[in-house]
Protein chains: 2
Amino acid sequence: MLNKNVFLKKYFLMTRSEENYLKTIFHLGGGDSKSITTNAIAEQMETKPSSVTDMAKKLAEKGLVNYVKYQGVSLTNSGVKTALSIIRKHRLWEVFLVEKLDFSWDEVHEVAEQLEHIKSEKLIDKIDELLNFPKYDPHGDPIPTKDGKFQERDKKLLSEMAINATGVCVGVKDSSVPFLKFLDKNKIALGNSIKVLDKEDFDNSLRIQLEGKEIRISHQIASNLYVKKND
Amino acid sequence: MLNKNVFLKKYFLMTRSEENYLKTIFHLGGGDSKSITTNAIAEQMETKPSSVTDMAKKLAEKGLVNYVKYQGVSLTNSGVKTALSIIRKHRLWEVFLVEKLDFSWDEVHEVAEQLEHIKSEKLIDKIDELLNFPKYDPHGDPIPTKDGKFQERDKKLLSEMAINATGVCVGVKDSSVPFLKFLDKNKIALGNSIKVLDKEDFDNSLRIQLEGKEIRISHQIASNLYVKKND
DNA sequence: AATTAAATTTAGACAAAACTAAAAATAGAT
DNA sequence: ATCTATTTTTAGTTTTGTCTAAATTTAATT
Ligand SMILES: [Mn+2]
Ligand SMILES: [Mn+2]
Ligand SMILES: [Mn+2]
Ligand SMILES: [Mn+2]
(Lines give C-alpha, C1' and ligand atoms only; values in the text may rest on other atoms or scores of the structure.)
(Ligands and ions follow the chains in the order given, each with its own letter.)
Protein backbone atom coordinates (compact mmCIF):
# COMPACT_ATOMS: atom_id res chain seq x y z
CA MET A 1 0.00 0.00 0.00
CA LEU A 2 2.62 2.48 1.04
CA ASN A 3 5.05 1.20 -1.57
CA LYS A 4 2.46 1.48 -4.30
CA ASN A 5 1.77 5.11 -3.42
CA VAL A 6 5.44 5.96 -3.35
CA PHE A 7 5.73 4.38 -6.79
CA LEU A 8 2.75 6.28 -8.19
CA LYS A 9 4.03 9.51 -6.74
CA LYS A 10 7.52 9.03 -8.07
CA TYR A 11 6.56 8.11 -11.61
CA PHE A 12 3.03 9.31 -12.36
CA LEU A 13 1.42 11.90 -10.12
CA MET A 14 2.47 15.44 -10.89
CA THR A 15 2.95 18.03 -8.18
CA ARG A 16 2.01 21.63 -8.78
CA SER A 17 5.66 22.57 -8.80
CA GLU A 18 6.55 19.93 -11.39
CA GLU A 19 3.69 21.12 -13.59
CA ASN A 20 4.88 24.69 -13.38
CA TYR A 21 8.39 23.71 -14.39
CA LEU A 22 7.13 21.79 -17.45
CA LYS A 23 4.97 24.71 -18.50
CA THR A 24 7.87 27.15 -18.19
CA ILE A 25 10.25 24.91 -20.13
CA PHE A 26 7.65 24.62 -22.87
CA HIS A 27 7.14 28.38 -23.04
CA LEU A 28 10.90 28.87 -23.31
CA GLY A 29 10.94 26.64 -26.37
CA GLY A 30 11.97 23.35 -24.77
CA GLY A 31 9.20 21.55 -26.67
CA ASP A 32 11.12 21.65 -29.93
CA SER A 33 13.91 19.48 -28.48
CA LYS A 34 15.81 22.73 -27.90
CA SER A 35 17.90 22.76 -24.76
CA ILE A 36 16.88 25.34 -22.16
CA THR A 37 19.45 26.43 -19.59
CA THR A 38 18.80 26.15 -15.89
CA ASN A 39 19.56 29.84 -15.61
CA ALA A 40 16.85 30.77 -18.12
CA ILE A 41 14.31 28.63 -16.29
CA ALA A 42 15.32 30.06 -12.92
CA GLU A 43 14.98 33.62 -14.17
CA GLN A 44 11.54 32.98 -15.70
CA MET A 45 10.28 31.30 -12.54
CA GLU A 46 11.91 33.74 -10.15
CA THR A 47 13.75 30.96 -8.41
CA LYS A 48 17.41 29.94 -8.08
CA PRO A 49 19.39 27.89 -10.64
CA SER A 50 20.27 25.33 -8.00
CA SER A 51 16.58 24.66 -7.41
CA VAL A 52 16.12 24.14 -11.14
CA THR A 53 18.93 21.60 -11.21
CA ASP A 54 17.22 19.60 -8.47
CA MET A 55 13.92 19.64 -10.33
CA ALA A 56 15.59 18.78 -13.66
CA LYS A 57 16.84 15.54 -12.12
CA LYS A 58 13.44 14.71 -10.72
CA LEU A 59 11.67 15.37 -14.04
CA ALA A 60 14.31 13.37 -15.92
CA GLU A 61 13.70 10.47 -13.52
CA LYS A 62 10.02 10.65 -14.47
CA GLY A 63 10.83 10.65 -18.16
CA LEU A 64 9.42 14.13 -18.73
CA VAL A 65 12.63 15.94 -19.69
CA ASN A 66 15.99 15.12 -21.20
CA TYR A 67 18.63 16.45 -18.89
CA VAL A 68 22.37 16.39 -19.52
CA LYS A 69 24.54 17.95 -16.87
CA TYR A 70 25.70 21.43 -17.82
CA GLN A 71 23.72 21.19 -21.08
CA GLY A 72 20.23 22.23 -19.98
CA VAL A 73 16.88 20.47 -20.38
CA SER A 74 14.40 19.78 -23.16
CA LEU A 75 10.98 18.15 -22.98
CA THR A 76 10.43 14.53 -23.97
CA ASN A 77 7.28 13.62 -25.90
CA SER A 78 5.65 12.78 -22.61
CA GLY A 79 6.80 16.12 -21.18
CA VAL A 80 5.34 18.04 -24.12
CA LYS A 81 2.06 16.19 -23.75
CA THR A 82 1.87 17.05 -20.07
CA ALA A 83 2.85 20.70 -20.62
CA LEU A 84 0.20 21.08 -23.32
CA SER A 85 -2.49 19.65 -21.09
CA ILE A 86 -1.69 22.24 -18.42
CA ILE A 87 -1.58 25.07 -20.95
CA ARG A 88 -4.90 23.83 -22.35
CA LYS A 89 -6.44 24.00 -18.88
CA HIS A 90 -4.96 27.43 -18.19
CA ARG A 91 -6.34 28.95 -21.39
CA LEU A 92 -9.75 27.30 -21.17
CA TRP A 93 -10.17 28.61 -17.63
CA GLU A 94 -9.19 32.08 -18.85
CA VAL A 95 -11.91 31.93 -21.49
CA PHE A 96 -14.38 30.68 -18.90
CA LEU A 97 -13.61 33.54 -16.55
CA VAL A 98 -14.06 36.15 -19.28
CA GLU A 99 -17.04 34.61 -21.08
CA LYS A 100 -19.04 33.25 -18.18
CA LEU A 101 -18.02 35.32 -15.18
CA ASP A 102 -17.31 38.73 -16.73
CA PHE A 103 -13.70 38.92 -15.66
CA SER A 104 -11.59 41.38 -17.65
CA TRP A 105 -8.63 40.01 -19.61
CA ASP A 106 -6.15 41.48 -17.17
CA GLU A 107 -7.64 39.64 -14.18
CA VAL A 108 -7.76 36.08 -15.49
CA HIS A 109 -4.15 34.97 -15.57
CA GLU A 110 -3.59 34.95 -11.83
CA VAL A 111 -6.68 32.84 -11.15
CA ALA A 112 -5.95 30.52 -14.08
CA GLU A 113 -2.51 29.88 -12.58
CA GLN A 114 -4.37 28.17 -9.75
CA LEU A 115 -7.16 26.53 -11.74
CA GLU A 116 -4.78 24.92 -14.24
CA HIS A 117 -3.66 22.49 -11.53
CA ILE A 118 -7.11 21.05 -10.78
CA LYS A 119 -7.01 17.36 -11.61
CA SER A 120 -10.17 16.18 -13.37
CA GLU A 121 -10.29 15.29 -17.02
CA LYS A 122 -14.06 15.40 -17.01
CA LEU A 123 -14.07 18.89 -15.53
CA ILE A 124 -11.92 20.47 -18.22
CA ASP A 125 -13.69 18.62 -21.03
CA LYS A 126 -17.03 19.89 -19.76
CA ILE A 127 -15.71 23.43 -19.47
CA ASP A 128 -14.45 23.12 -23.05
CA GLU A 129 -17.91 22.00 -24.15
CA LEU A 130 -19.67 24.74 -22.15
CA LEU A 131 -17.52 27.32 -23.94
CA ASN A 132 -18.23 25.70 -27.32
CA PHE A 133 -14.66 24.51 -27.89
CA PRO A 134 -12.91 27.87 -28.21
CA LYS A 135 -9.73 28.00 -30.30
CA TYR A 136 -8.12 31.01 -28.65
CA ASP A 137 -7.85 32.42 -25.15
CA PRO A 138 -8.65 36.06 -24.18
CA HIS A 139 -5.12 37.13 -25.09
CA GLY A 140 -5.26 35.52 -28.53
CA ASP A 141 -3.16 32.51 -27.60
CA PRO A 142 -4.20 29.18 -29.15
CA ILE A 143 -5.81 26.50 -27.00
CA PRO A 144 -4.38 23.01 -27.53
CA THR A 145 -6.97 20.35 -28.30
CA LYS A 146 -7.62 17.42 -25.98
CA ASP A 147 -5.12 15.33 -27.92
CA GLY A 148 -2.46 18.03 -27.79
CA LYS A 149 -2.82 19.51 -31.28
CA PHE A 150 -1.74 23.11 -31.55
CA GLN A 151 -3.05 25.58 -34.13
CA GLU A 152 -0.76 28.61 -34.10
CA ARG A 153 -2.39 31.49 -35.94
CA ASP A 154 -0.80 33.23 -38.88
CA LYS A 155 -0.07 36.53 -37.23
CA LYS A 156 2.42 39.38 -37.37
CA LEU A 157 3.54 42.06 -34.98
CA LEU A 158 1.87 45.36 -35.83
CA SER A 159 5.32 46.97 -35.80
CA GLU A 160 6.38 44.76 -38.72
CA MET A 161 3.47 45.52 -41.01
CA ALA A 162 3.92 47.55 -44.17
CA ILE A 163 2.31 50.92 -44.73
CA ASN A 164 -1.25 50.64 -46.05
CA ALA A 165 -1.50 47.01 -44.97
CA THR A 166 -4.76 46.14 -43.20
CA GLY A 167 -5.71 43.43 -40.74
CA VAL A 168 -7.38 42.49 -37.50
CA CYS A 169 -5.89 42.66 -34.04
CA VAL A 170 -5.71 39.05 -32.81
CA GLY A 171 -3.34 38.92 -29.87
CA VAL A 172 -0.86 40.46 -27.48
CA LYS A 173 2.78 39.54 -27.05
CA ASP A 174 3.10 41.19 -23.64
CA SER A 175 0.14 40.06 -21.58
CA SER A 176 1.08 41.86 -18.38
CA VAL A 177 -1.62 43.59 -16.39
CA PRO A 178 -0.32 47.13 -17.07
CA PHE A 179 -0.20 46.59 -20.85
CA LEU A 180 -3.69 45.06 -20.96
CA LYS A 181 -5.08 47.91 -18.87
CA PHE A 182 -3.36 50.40 -21.16
CA LEU A 183 -5.06 48.81 -24.17
CA ASP A 184 -8.44 48.94 -22.41
CA LYS A 185 -7.95 52.61 -21.58
CA ASN A 186 -7.13 53.35 -25.21
CA LYS A 187 -10.03 51.27 -26.50
CA ILE A 188 -7.80 48.81 -28.32
CA ALA A 189 -9.25 45.29 -28.25
CA LEU A 190 -8.89 41.96 -30.01
CA GLY A 191 -11.08 41.86 -33.12
CA ASN A 192 -10.49 45.52 -33.98
CA SER A 193 -9.71 46.32 -37.61
CA ILE A 194 -6.39 47.99 -38.23
CA LYS A 195 -4.81 49.86 -41.11
CA VAL A 196 -1.23 51.16 -41.01
CA LEU A 197 -1.22 54.74 -42.26
CA ASP A 198 2.26 56.01 -41.60
CA LYS A 199 5.53 55.21 -39.81
CA GLU A 200 7.63 57.84 -38.09
CA ASP A 201 11.32 57.08 -38.73
CA PHE A 202 12.55 59.08 -35.76
CA ASP A 203 10.92 57.04 -32.95
CA ASN A 204 9.30 54.21 -34.93
CA SER A 205 5.86 55.31 -33.82
CA LEU A 206 2.87 54.54 -36.04
CA ARG A 207 -0.20 56.35 -37.24
CA ILE A 208 -2.96 53.77 -37.67
CA GLN A 209 -6.67 53.55 -38.33
CA LEU A 210 -8.35 51.56 -35.57
CA GLU A 211 -11.98 50.70 -36.26
CA GLY A 212 -12.14 53.73 -38.50
CA LYS A 213 -10.64 56.18 -36.00
CA GLU A 214 -7.14 57.50 -36.58
CA ILE A 215 -4.71 57.19 -33.64
CA ARG A 216 -0.99 57.37 -32.95
CA ILE A 217 0.82 54.44 -31.34
CA SER A 218 4.34 54.15 -29.92
CA HIS A 219 6.76 51.51 -31.12
CA GLN A 220 6.56 49.87 -27.72
CA ILE A 221 2.85 49.26 -28.18
CA ALA A 222 3.08 48.26 -31.84
CA SER A 223 5.73 45.67 -31.10
CA ASN A 224 3.45 43.96 -28.59
CA LEU A 225 0.29 43.69 -30.68
CA TYR A 226 -0.33 40.82 -33.05
CA VAL A 227 -2.29 41.40 -36.23
CA LYS A 228 -3.74 38.93 -38.71
CA LYS A 229 -3.16 40.48 -42.14
CA ASN A 230 -6.09 40.62 -44.51
CA ASP A 231 -5.49 38.63 -47.71
CA MET B 1 10.73 41.63 1.75
CA LEU B 2 11.61 38.16 2.90
CA ASN B 3 10.67 38.98 6.47
CA LYS B 4 7.36 40.42 5.38
CA ASN B 5 6.49 37.26 3.47
CA VAL B 6 7.45 35.04 6.38
CA PHE B 7 5.21 37.16 8.56
CA LEU B 8 2.27 37.00 6.13
CA LYS B 9 2.68 33.26 5.77
CA LYS B 10 2.87 32.66 9.48
CA TYR B 11 -0.14 34.72 10.45
CA PHE B 12 -2.40 35.21 7.42
CA LEU B 13 -1.96 32.98 4.38
CA MET B 14 -3.63 29.61 4.73
CA THR B 15 -2.11 26.46 3.30
CA ARG B 16 -4.31 23.76 1.81
CA SER B 17 -3.53 21.51 4.76
CA GLU B 18 -4.47 24.15 7.32
CA GLU B 19 -7.75 24.77 5.49
CA ASN B 20 -8.54 21.06 5.51
CA TYR B 21 -7.94 20.84 9.26
CA LEU B 22 -10.24 23.80 9.96
CA LYS B 23 -12.96 22.31 7.80
CA THR B 24 -12.70 18.95 9.54
CA ILE B 25 -12.76 20.49 13.01
CA PHE B 26 -15.85 22.44 12.03
CA HIS B 27 -17.60 19.35 10.69
CA LEU B 28 -16.83 17.54 13.94
CA GLY B 29 -18.63 20.27 15.88
CA GLY B 30 -15.64 22.39 16.91
CA GLY B 31 -17.48 25.52 15.79
CA ASP B 32 -19.74 25.53 18.84
CA SER B 33 -16.74 25.96 21.16
CA LYS B 34 -16.92 22.22 21.75
CA SER B 35 -13.53 20.60 22.19
CA ILE B 36 -12.60 18.03 19.52
CA THR B 37 -9.99 15.43 20.35
CA THR B 38 -6.88 15.02 18.27
CA ASN B 39 -7.82 11.36 17.83
CA ALA B 40 -11.19 12.23 16.34
CA ILE B 41 -9.59 14.66 13.91
CA ALA B 42 -6.91 12.15 12.97
CA GLU B 43 -9.46 9.46 12.27
CA GLN B 44 -11.62 11.75 10.14
CA MET B 45 -8.64 12.93 8.11
CA GLU B 46 -6.98 9.53 7.85
CA THR B 47 -3.84 10.85 9.44
CA LYS B 48 -2.01 10.26 12.75
CA PRO B 49 -2.81 11.92 16.08
CA SER B 50 0.74 13.20 16.35
CA SER B 51 0.32 15.08 13.07
CA VAL B 52 -2.85 16.65 14.43
CA THR B 53 -1.04 17.82 17.53
CA ASP B 54 1.56 19.58 15.39
CA MET B 55 -1.11 21.29 13.33
CA ALA B 56 -3.13 22.24 16.42
CA LYS B 57 -0.15 24.23 17.67
CA LYS B 58 0.30 25.96 14.34
CA LEU B 59 -3.39 26.89 14.07
CA ALA B 60 -3.41 28.11 17.66
CA GLU B 61 -0.40 30.31 16.85
CA LYS B 62 -2.48 31.83 14.03
CA GLY B 63 -5.41 32.43 16.34
CA LEU B 64 -7.69 30.03 14.47
CA VAL B 65 -8.19 27.43 17.20
CA ASN B 66 -8.12 27.23 20.95
CA TYR B 67 -5.78 24.45 21.90
CA VAL B 68 -5.14 23.18 25.41
CA LYS B 69 -2.72 20.29 25.74
CA TYR B 70 -4.51 16.97 26.26
CA GLN B 71 -7.89 18.78 26.00
CA GLY B 72 -8.43 18.95 22.23
CA VAL B 73 -9.18 21.92 20.00
CA SER B 74 -12.11 24.19 19.23
CA LEU B 75 -12.40 26.91 16.62
CA THR B 76 -12.06 30.60 17.49
CA ASN B 77 -14.38 33.11 15.83
CA SER B 78 -11.73 33.66 13.22
CA GLY B 79 -11.41 29.90 12.73
CA VAL B 80 -15.15 29.49 12.26
CA LYS B 81 -15.16 32.30 9.74
CA THR B 82 -12.37 30.70 7.75
CA ALA B 83 -13.93 27.23 7.91
CA LEU B 84 -17.26 28.59 6.68
CA SER B 85 -15.63 30.33 3.76
CA ILE B 86 -14.07 27.05 2.63
CA ILE B 87 -17.32 25.14 3.10
CA ARG B 88 -19.10 27.87 1.15
CA LYS B 89 -16.67 27.45 -1.72
CA HIS B 90 -16.92 23.66 -1.61
CA ARG B 91 -20.69 23.65 -1.80
CA LEU B 92 -20.97 26.37 -4.42
CA TRP B 93 -18.55 24.49 -6.66
CA GLU B 94 -20.63 21.35 -6.16
CA VAL B 95 -23.73 23.19 -7.33
CA PHE B 96 -21.79 24.59 -10.27
CA LEU B 97 -20.62 21.14 -11.35
CA VAL B 98 -24.13 19.71 -11.21
CA GLU B 99 -26.04 22.67 -12.62
CA LYS B 100 -23.67 23.93 -15.27
CA LEU B 101 -21.55 20.94 -16.21
CA ASP B 102 -23.98 18.03 -15.78
CA PHE B 103 -21.97 16.20 -13.17
CA SER B 104 -23.94 13.71 -11.11
CA TRP B 105 -24.17 14.26 -7.36
CA ASP B 106 -21.82 11.38 -6.62
CA GLU B 107 -19.00 12.86 -8.75
CA VAL B 108 -18.80 16.38 -7.38
CA HIS B 109 -17.28 15.99 -3.94
CA GLU B 110 -13.86 14.84 -5.08
CA VAL B 111 -13.45 17.75 -7.52
CA ALA B 112 -14.87 20.26 -5.03
CA GLU B 113 -12.22 19.11 -2.54
CA GLN B 114 -9.71 20.64 -4.93
CA LEU B 115 -11.69 23.67 -6.09
CA GLU B 116 -12.47 24.81 -2.54
CA HIS B 117 -8.83 25.87 -2.13
CA ILE B 118 -8.74 28.28 -5.07
CA LYS B 119 -8.00 31.72 -3.71
CA SER B 120 -10.07 34.43 -5.36
CA GLU B 121 -12.93 36.19 -3.66
CA LYS B 122 -14.18 37.55 -6.96
CA LEU B 123 -14.26 34.08 -8.49
CA ILE B 124 -16.49 32.53 -5.87
CA ASP B 125 -18.78 35.56 -5.71
CA LYS B 126 -19.24 35.41 -9.48
CA ILE B 127 -19.93 31.67 -9.34
CA ASP B 128 -22.50 32.38 -6.63
CA GLU B 129 -24.12 34.98 -8.87
CA LEU B 130 -24.03 32.72 -11.94
CA LEU B 131 -25.88 30.06 -9.95
CA ASN B 132 -28.39 32.61 -8.69
CA PHE B 133 -27.30 32.45 -5.06
CA PRO B 134 -28.29 28.86 -4.25
CA LYS B 135 -29.13 28.07 -0.63
CA TYR B 136 -28.35 24.33 -0.71
CA ASP B 137 -25.79 22.10 -2.37
CA PRO B 138 -26.60 18.94 -4.38
CA HIS B 139 -26.67 16.86 -1.19
CA GLY B 140 -29.06 19.23 0.56
CA ASP B 141 -26.41 20.85 2.73
CA PRO B 142 -26.83 24.60 3.35
CA ILE B 143 -24.44 27.04 1.70
CA PRO B 144 -23.10 29.72 4.05
CA THR B 145 -23.55 33.27 2.83
CA LYS B 146 -20.63 35.53 1.99
CA ASP B 147 -20.71 36.91 5.53
CA GLY B 148 -20.81 33.46 7.09
CA LYS B 149 -24.51 33.17 7.91
CA PHE B 150 -25.80 29.64 8.05
CA GLN B 151 -29.41 28.64 7.40
CA GLU B 152 -29.80 25.04 8.61
CA ARG B 153 -33.01 23.60 7.26
CA ASP B 154 -35.74 22.19 9.49
CA LYS B 155 -35.34 18.54 8.56
CA LYS B 156 -35.75 15.09 10.07
CA LEU B 157 -34.36 11.67 9.36
CA LEU B 158 -36.90 9.59 7.44
CA SER B 159 -36.39 6.84 10.02
CA GLU B 160 -37.70 9.14 12.74
CA MET B 161 -40.93 10.17 11.05
CA ALA B 162 -44.30 8.98 12.29
CA ILE B 163 -46.62 6.73 10.32
CA ASN B 164 -48.79 8.70 7.88
CA ALA B 165 -46.52 11.75 8.08
CA THR B 166 -45.71 13.33 4.71
CA GLY B 167 -42.85 15.46 3.50
CA VAL B 168 -40.21 16.14 0.86
CA CYS B 169 -36.79 14.52 0.62
CA VAL B 170 -34.29 17.36 1.15
CA GLY B 171 -30.93 15.82 1.95
CA VAL B 172 -28.65 12.91 2.68
CA LYS B 173 -26.75 12.20 5.88
CA ASP B 174 -24.34 9.75 4.26
CA SER B 175 -23.08 11.36 1.08
CA SER B 176 -20.70 8.59 0.09
CA VAL B 177 -20.51 7.60 -3.57
CA PRO B 178 -22.04 4.14 -3.03
CA PHE B 179 -25.05 5.52 -1.17
CA LEU B 180 -25.69 8.24 -3.76
CA LYS B 181 -25.43 5.71 -6.57
CA PHE B 182 -27.82 3.42 -4.71
CA LEU B 183 -30.35 6.24 -4.48
CA ASP B 184 -29.98 6.98 -8.20
CA LYS B 185 -30.52 3.32 -9.05
CA ASN B 186 -33.67 3.26 -6.95
CA LYS B 187 -34.93 6.55 -8.36
CA ILE B 188 -34.83 8.35 -5.05
CA ALA B 189 -33.90 12.00 -5.46
CA LEU B 190 -34.02 15.28 -3.54
CA GLY B 191 -37.36 16.98 -4.06
CA ASN B 192 -39.32 13.72 -4.10
CA SER B 193 -42.53 13.64 -2.04
CA ILE B 194 -42.65 11.04 0.68
CA LYS B 195 -45.36 9.51 2.83
CA VAL B 196 -44.61 6.97 5.55
CA LEU B 197 -47.08 4.10 5.20
CA ASP B 198 -45.87 1.48 7.62
CA LYS B 199 -42.98 0.48 9.89
CA GLU B 200 -41.83 -3.11 10.32
CA ASP B 201 -40.93 -3.70 13.95
CA PHE B 202 -38.72 -6.70 13.24
CA ASP B 203 -36.02 -4.97 11.13
CA ASN B 204 -37.17 -1.33 11.29
CA SER B 205 -37.73 -1.27 7.54
CA LEU B 206 -40.31 1.15 6.11
CA ARG B 207 -43.04 1.02 3.54
CA ILE B 208 -43.30 4.47 1.97
CA GLN B 209 -44.98 6.24 -0.88
CA LEU B 210 -42.35 7.95 -3.06
CA GLU B 211 -43.76 10.28 -5.70
CA GLY B 212 -46.95 8.22 -5.61
CA LYS B 213 -45.26 4.83 -6.00
CA GLU B 214 -45.14 2.45 -3.03
CA ILE B 215 -41.70 1.07 -2.14
CA ARG B 216 -39.97 -0.70 0.75
CA ILE B 217 -36.87 0.82 2.32
CA SER B 218 -34.39 -0.63 4.83
CA HIS B 219 -33.61 1.09 8.11
CA GLN B 220 -30.11 1.77 6.86
CA ILE B 221 -31.46 3.83 4.00
CA ALA B 222 -34.17 5.55 6.04
CA SER B 223 -31.67 6.66 8.65
CA ASN B 224 -29.58 8.42 6.03
CA LEU B 225 -32.29 10.37 4.25
CA TYR B 226 -33.45 13.79 5.47
CA VAL B 227 -37.05 14.81 5.00
CA LYS B 228 -38.71 18.19 5.45
CA LYS B 229 -42.07 17.49 7.05
CA ASN B 230 -45.14 19.08 5.52
CA ASP B 231 -46.96 21.42 7.91
C1' DA C 1 -5.33 5.03 46.26
C1' DA C 2 -2.87 2.29 43.19
C1' DT C 3 -2.77 0.07 38.88
C1' DT C 4 -3.69 -0.33 34.17
C1' DA C 5 -5.41 0.99 29.67
C1' DA C 6 -6.12 4.52 26.42
C1' DA C 7 -5.27 8.97 24.61
C1' DT C 8 -2.03 12.48 23.69
C1' DT C 9 2.30 14.64 23.18
C1' DT C 10 7.31 14.71 22.38
C1' DA C 11 11.45 13.54 19.98
C1' DG C 12 13.56 12.33 16.06
C1' DA C 13 13.29 11.12 11.11
C1' DC C 14 11.91 11.79 6.23
C1' DA C 15 10.44 13.74 1.61
C1' DA C 16 9.47 17.83 -1.14
C1' DA C 17 10.83 22.15 -2.53
C1' DA C 18 13.15 25.83 -1.74
C1' DC C 19 17.62 28.46 -0.28
C1' DT C 20 23.03 29.85 0.33
C1' DA C 21 27.75 29.14 -0.21
C1' DA C 22 31.30 26.62 -2.22
C1' DA C 23 33.11 23.66 -5.90
C1' DA C 24 33.32 22.30 -10.64
C1' DA C 25 32.67 22.83 -15.55
C1' DT C 26 32.17 25.58 -19.64
C1' DA C 27 32.93 29.35 -22.78
C1' DG C 28 35.32 33.60 -24.11
C1' DA C 29 39.41 36.30 -24.48
C1' DT C 30 44.01 36.77 -24.67
C1' DA D 1 46.88 26.77 -24.78
C1' DT D 2 46.01 29.30 -20.63
C1' DC D 3 43.58 32.20 -17.89
C1' DT D 4 39.27 34.19 -16.40
C1' DA D 5 34.48 35.20 -16.01
C1' DT D 6 30.21 33.00 -16.14
C1' DT D 7 27.27 29.20 -15.70
C1' DT D 8 25.97 25.16 -13.44
C1' DT D 9 26.17 21.74 -9.96
C1' DT D 10 26.97 19.98 -5.29
C1' DA D 11 26.66 20.01 -0.37
C1' DG D 12 24.46 21.34 3.40
C1' DT D 13 20.18 23.96 5.56
C1' DT D 14 15.40 25.29 6.13
C1' DT D 15 10.27 24.90 6.24
C1' DT D 16 6.06 22.28 5.84
C1' DG D 17 3.68 18.35 6.73
C1' DT D 18 3.93 13.92 7.57
C1' DC D 19 5.45 9.53 10.07
C1' DT D 20 7.12 6.04 14.04
C1' DA D 21 8.45 5.01 18.52
C1' DA D 22 8.88 6.43 23.08
C1' DA D 23 7.34 9.17 26.91
C1' DT D 24 3.75 11.38 29.36
C1' DT D 25 -0.82 12.45 30.86
C1' DT D 26 -5.53 11.31 31.59
C1' DA D 27 -9.31 8.11 32.40
C1' DA D 28 -11.07 3.79 33.98
C1' DT D 29 -10.92 -0.20 37.09
C1' DT D 30 -10.11 -2.52 40.79
MN1 LIG E 1 -2.39 33.35 -18.66
MN1 LIG F 1 -3.75 33.82 -21.78
MN1 LIG G 1 -18.79 17.57 -0.71
MN1 LIG H 1 -22.09 18.44 -0.62
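Every chain is numbered from 1, with letters handed out A, B, ... down the list of sequences. What you see is a predicted model; the values in this text were computed from it and never measured.
Nucleotide D/dT16 holds its C1' atom 15 Å from the CD atom of B/E19, rounded to whole Å. Distance A/E18 CD to C/dA18 C1': 14 Å, rounded to the nearest Å. Between B/M55 atom CE and D/dC19 atom P the separation is 11 Å, expressed in whole Å. Rounded to whole angstrom, the span from the CG atom of A/D54 across to the P atom of C/dC19 amounts to 10 Å. In this structure, A/K58 places its NZ atom 15 Å from P of D/dT9, rounding to the nearest Å. Taking atom NZ on B/K48 and atom C1' on D/dT16, their separation rounds to 19 Å, with Å as the unit.
Taking the side chain to side chain contact (heavy atoms under 4.5 Å, CB included) definition, one finds that B/K81 meets it with nothing, sequence neighbours left out.
A/F103 carries B/K122 over the face of its six-membered ring, with the cationic atom under 6.0 Å from the centre and within 45° of the normal.
Note that CD of B/E113 is 13.5 Å distant from OG of A/S120, once rounded to the nearest 0.5 Å. For the atom pair B/F150 CZ and B/L84 CG, the distance stands at 6.0 Å (nearest 0.5 Å). Note: B/I41 CD1 to B/K48 NZ = 15.5 Å, rounded to the nearest 0.5 Å. Here B/S85 contributes atom OG and B/K23 contributes atom NZ; the two are 11.5 Å apart, rounded to the nearest 0.5 Å. Rounded to the nearest 0.5 Å, atoms CG (A/D102) and CD (A/E107) are 10.0 Å apart.
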Atom pairs and distances, side-chain donor-acceptor, residues 126-147 of chain B, under 3.5 Å, sequence neighbours left out:
{"residue": "B/D128", "atom": "OD2", "partner": "B/R88", "partner atom": "NH2", "Å": "3.2"}
{"residue": "B/D137", "atom": "OD1", "partner": "B/H139", "partner atom": "N", "Å": "2.7"}
{"residue": "B/D137", "atom": "OD1", "partner": "B/G140", "partner atom": "N", "Å": "3.1"}
{"residue": "B/D137", "atom": "OD1", "partner": "B/D141", "partner atom": "N", "Å": "3.0"}
{"residue": "B/H139", "atom": "ND1", "partner": "B/E94", "partner atom": "OE1", "Å": "3.1"}
{"residue": "B/H139", "atom": "NE2", "partner": "B/W105", "partner atom": "O", "Å": "2.9"}
{"residue": "B/T145", "atom": "OG1", "partner": "B/D147", "partner atom": "OD1", "Å": "2.9"}
{"residue": "B/T145", "atom": "OG1", "partner": "B/K149", "partner atom": "N", "Å": "2.9"}
{"residue": "B/K146", "atom": "NZ", "partner": "B/E121", "partner atom": "OE2", "Å": "2.8"}
{"residue": "B/K146", "atom": "NZ", "partner": "B/D125", "partner atom": "OD2", "Å": "2.7"}

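Between B/T15 and the phosphate of D/dT16, there is no side-chain N or O to OP1/OP2 separation shorter than 4.0 Å. Listed pair B/K57 / C/dT10 meets the phosphate criterion, a side-chain N or O lying under 4.0 Å from OP1 or OP2. A close approach under 4.0 Å does not occur between any side-chain nitrogen or oxygen of A/S51 and OP1 or OP2 of C/dA18. Here B/Y21 reaches the OP1 or OP2 of D/dT18: one of its side-chain N or O atoms lies under 4.0 Å away. For D/dT16, neither phosphate oxygen OP1 nor OP2 lies less than 4.0 angstrom from any side-chain nitrogen or oxygen of B/S17.
Residue pairs meeting the side chain to side chain donor-acceptor pair (under 3.5 Å) criterion with at least one member in residues 27-46 of chain B: none, sequence neighbours excluded.
Contacts between residues 64-73 of chain A and DNA chain D, defined by a heavy-atom separation under 4.0 Å, are made by A/Y67, A/K69, A/Y70. Within residues 34-47 of chain B, the residues that have a heavy atom under 4.0 Å from DNA chain D are, in order of number, B/T47.
Bending across the helix from C/dA1-D/dT30 to C/dT30-D/dA1, expressed as the angle between its end axes from five pairs apiece, amounts to 10° (10° rounding).
Judged purely by atom type and a 3.5 angstrom limit, A/T82 uses its side chain to pair as donor or acceptor with the backbone of A/S78. Side chain of A/K89 to main chain of A/E116: a donor-acceptor pair is present (N/O by atom type, distance under 3.5 Å, no hydrogens or angles).
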